[in-house]
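Since the structure comes first, as structure tokens, the remarks are kept for the end.
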Amino acid sequence: MTTLTWCTFLPLLTAGIVLLIPASWRWLIKSVSLLGAAVTFIIAIGLARGYWNQEPPSAVEVLRAKQDNVIDRVRGPETIDAWRAANIRVARDASGRVSVPLPAGWAAFAPAAREAWEEAAELELAVGVSQAAHIRFVEYMPWIPDFKINYFMGVDGLSLPLVWLTALLCVLCFVYSWTIDTGTKGYYVLFLLLETGLIGVFCALDFFLFYVFWEIVLLPMYFLIGIWGGHDRIYAAIKFFIYTLAGSVLMLVAMLAMYF
């Protein structure tokens, strides 16, 4: 588990702890929530320092190592580099679309080798993206293999400042919300869940994983606006929910179209 995963899910872990605290212990609920947000902010600062010093490996290195492990399962007497050179070749057509053509001996491949080739080909395309060299703190592991969905997280020079800013703003919001005494437990649990969703949105490198974090943001925000909002909060919450849900549906349709 990388530092980025801790930064993303520490607020969720804190929310789980807050759920175990009796609702009447408002001061403890606020203190634990603020502490969780503060530690998340400190981790975000560590991410920034590590990124600038280029301490963690880039996405290229992580994905290439993952590809080597996949190839090693089926390569036979060949070396990994020889198997890759013979079977994994990136091609670009006239329209600029990039693909990995099937190798000549595809029909003779065993089922396990075919699956390995498909996974290695996808990893090759990911390695070939120019931005991959700038993505660090990468966490990559299979999640739902049947649909080619992976737990794929990382940050680059654009998303990292947004993670840092999100963590800082959440700390400031918890300080500002210290006077809230109505539904204190629910408020802080929802806000911590919201923080996990926000950080996850900026770190997700898998489309479906991004969609999950996007939806995690939607529900807590709806209740925070509708219950603890100001004037016309119900109208604002419903309007927010409808607009965001419409965007979510379109995003899901686009994701399914890309998959098929």
Please name all residues satisfying side chain to side chain contact (heavy atoms under 4.5 Å, CB included) with Phe223, sequence neighbours left out, ordered by chain then number.
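Phe223: side chain to side chain contact (heavy atoms under 4.5 Å, CB included) contacts with Leu190, Ile227.
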
For the [atom1] atom of [X] and the [atom2] atom of [Y], what is their distance to the nearest 0.5 Å?
{"X": "Thr8", "Y": "Leu13", "atom1": "OG1", "atom2": "CG", "result": "13.0 Å"}
{"X": "Tyr187", "Y": "Ile180", "atom1": "OH", "atom2": "CD1", "result": "4.0 Å"}
{"X": "Ser159", "Y": "Tyr51", "atom1": "OG", "atom2": "OH", "result": "7.5 Å"}
{"X": "Ile29", "Y": "Leu34", "atom1": "CD1", "atom2": "CG", "result": "13.5 Å"}
{"X": "Trp228", "Y": "Thr182", "atom1": "CH2", "atom2": "OG1", "result": "9.0 Å"}
{"X": "Phe207", "Y": "Leu252", "atom1": "CZ", "atom2": "CG", "result": "9.0 Å"}

Determine, for Lys30 against Asp181, whether the closest basic-nitrogen to carboxylate-oxygen distance falls under 4.0 angstrom.
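Asp181 and Lys30: salt-bridged.
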
Should Lys66 and Glu61 count as an ion pair when the cut-off is N to O under 4.0 Å?
no

In terms of hydrophobic clustering (I, L, V, M, F, W, Y; side-chain heavy atoms under 4.5 Å; direct or indirect links), are [X] and [Y] co-clustered?
{"X": "Leu20", "Y": "Val18", "value": "no"}
{"X": "Val253", "Y": "Leu250", "value": "no"}
{"X": "Met255", "Y": "Met251", "value": "yes"}
{"X": "Trp143", "Y": "Phe147", "value": "yes"}
{"X": "Trp52", "Y": "Ile42", "value": "no"}

If we ignore hydrogens and angles and just use 3.5 Å, is the side chain of [X] paired with the main-chain N or O of [Y] as donor and acceptor?
{"X": "Asp232", "Y": "Tyr235", "result": "no"}
{"X": "Glu139", "Y": "Met153", "result": "no"}
{"X": "Asp156", "Y": "Leu158", "result": "yes"}
{"X": "Thr196", "Y": "Leu12", "result": "yes"}
{"X": "Lys185", "Y": "Pro22", "result": "no"}
{"X": "Arg92", "Y": "Arg97", "result": "no"}

Distance only, no hydrogens: is a donor on one side chain within 3.5 Å (strictly under) of an acceptor on the other, for Asp93 and Ser95?
yes

Consider only side-chain N and O atoms of Tyr151 and Thr5, and report whether a donor and an acceptor are under 3.5 Å apart.
yes

Donor-acceptor pairs under 3.5 Å, side chain of residues 212-221 to any protein atom, not counting sequence neighbours: which ones?
from, atom 1, to, atom 2, distance (Å)
Trp214, NE1, Ser248, OG, 3.0
Glu215, OE2, Ser248, OG, 2.7

For Val70, which fellow cluster members are found when Ile, Leu, Val, Met, Phe, Trp and Tyr are connected by side-chain heavy-atom distances below 4.5 angstrom, either directly or through intermediates?
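When side chains under 4.5 Å apart are linked, the cluster holding Val70 also contains Val60, Val62, Leu63, Leu123, Val127, Ile135, Val138, Tyr140, Phe152, Leu205.
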
Minimum heavy-atom separation for [X] and [Y], please, with both atom names.
{"X": "Asp146", "Y": "Tyr259", "answer": "O-OH, 3.8 Å"}
{"X": "Pro142", "Y": "Asn150", "answer": "CA-OD1, 3.5 Å"}
{"X": "Ser58", "Y": "Ala132", "answer": "CB-O, 4.0 Å"}
{"X": "Ala37", "Y": "Glu195", "answer": "CB-OE1, 4.1 Å"}
{"X": "Arg233", "Y": "Ile225", "answer": "CB-O, 3.2 Å"}
{"X": "Ala48", "Y": "Leu160", "answer": "CA-CD2, 3.6 Å"}

Phe174 ring center near Phe191 ring center (under 6.0 Å)
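When the ring centroids of Phe174 and Phe191 are compared, they turn out to be within the sub-6.0 Å range.
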
Inspect the surroundings of [atom1] in [X] and state if more than 12 heavy atoms from other residues, nucleotides or ligands are less than 6.0 Å away.
{"X": "Trp178", "atom1": "CH2", "answer": "yes"}
{"X": "Arg114", "atom1": "CZ", "answer": "yes"}
{"X": "Met258", "atom1": "CE", "answer": "no"}

Does the pair Cys7 and Leu47 meet the rule for a side-chain contact (heavy atoms from CB on, under 4.5 Å), with working shown?
CA-CA 9 Å; Cys7 185; Leu47 288 173; 4.0 Å; yes

Test side-chain contact (heavy atoms from CB on, under 4.5 Å) applied to Val74 and Trp117, step by step
CA-CA 9 Å; Val74 295; Trp117 181 88; over 6 Å; no

Any Pro161 side-chain heavy atom under 4.5 Å of Leu165 side chain:
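They are not in side-chain contact.
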
So Thr14 and Val39, do their side chains get closer than 4.5 Å, heavy atoms only?
no

Using side-chain contact (heavy atoms from CB on, under 4.5 Å), reason through Ile43 and Leu10 one step at a time and then give a plain yes or no.
CA-CA 10 Å; Ile43 295 175; Leu10 181 59; 4.0 Å; yes

Residue pair Arg64, Arg84: steps toward the side-chain contact (heavy atoms from CB on, under 4.5 Å) verdict
CA-CA 11 Å; Arg64 186 64 78 190; Arg84 182 188 294 116; 3.3 Å; yes

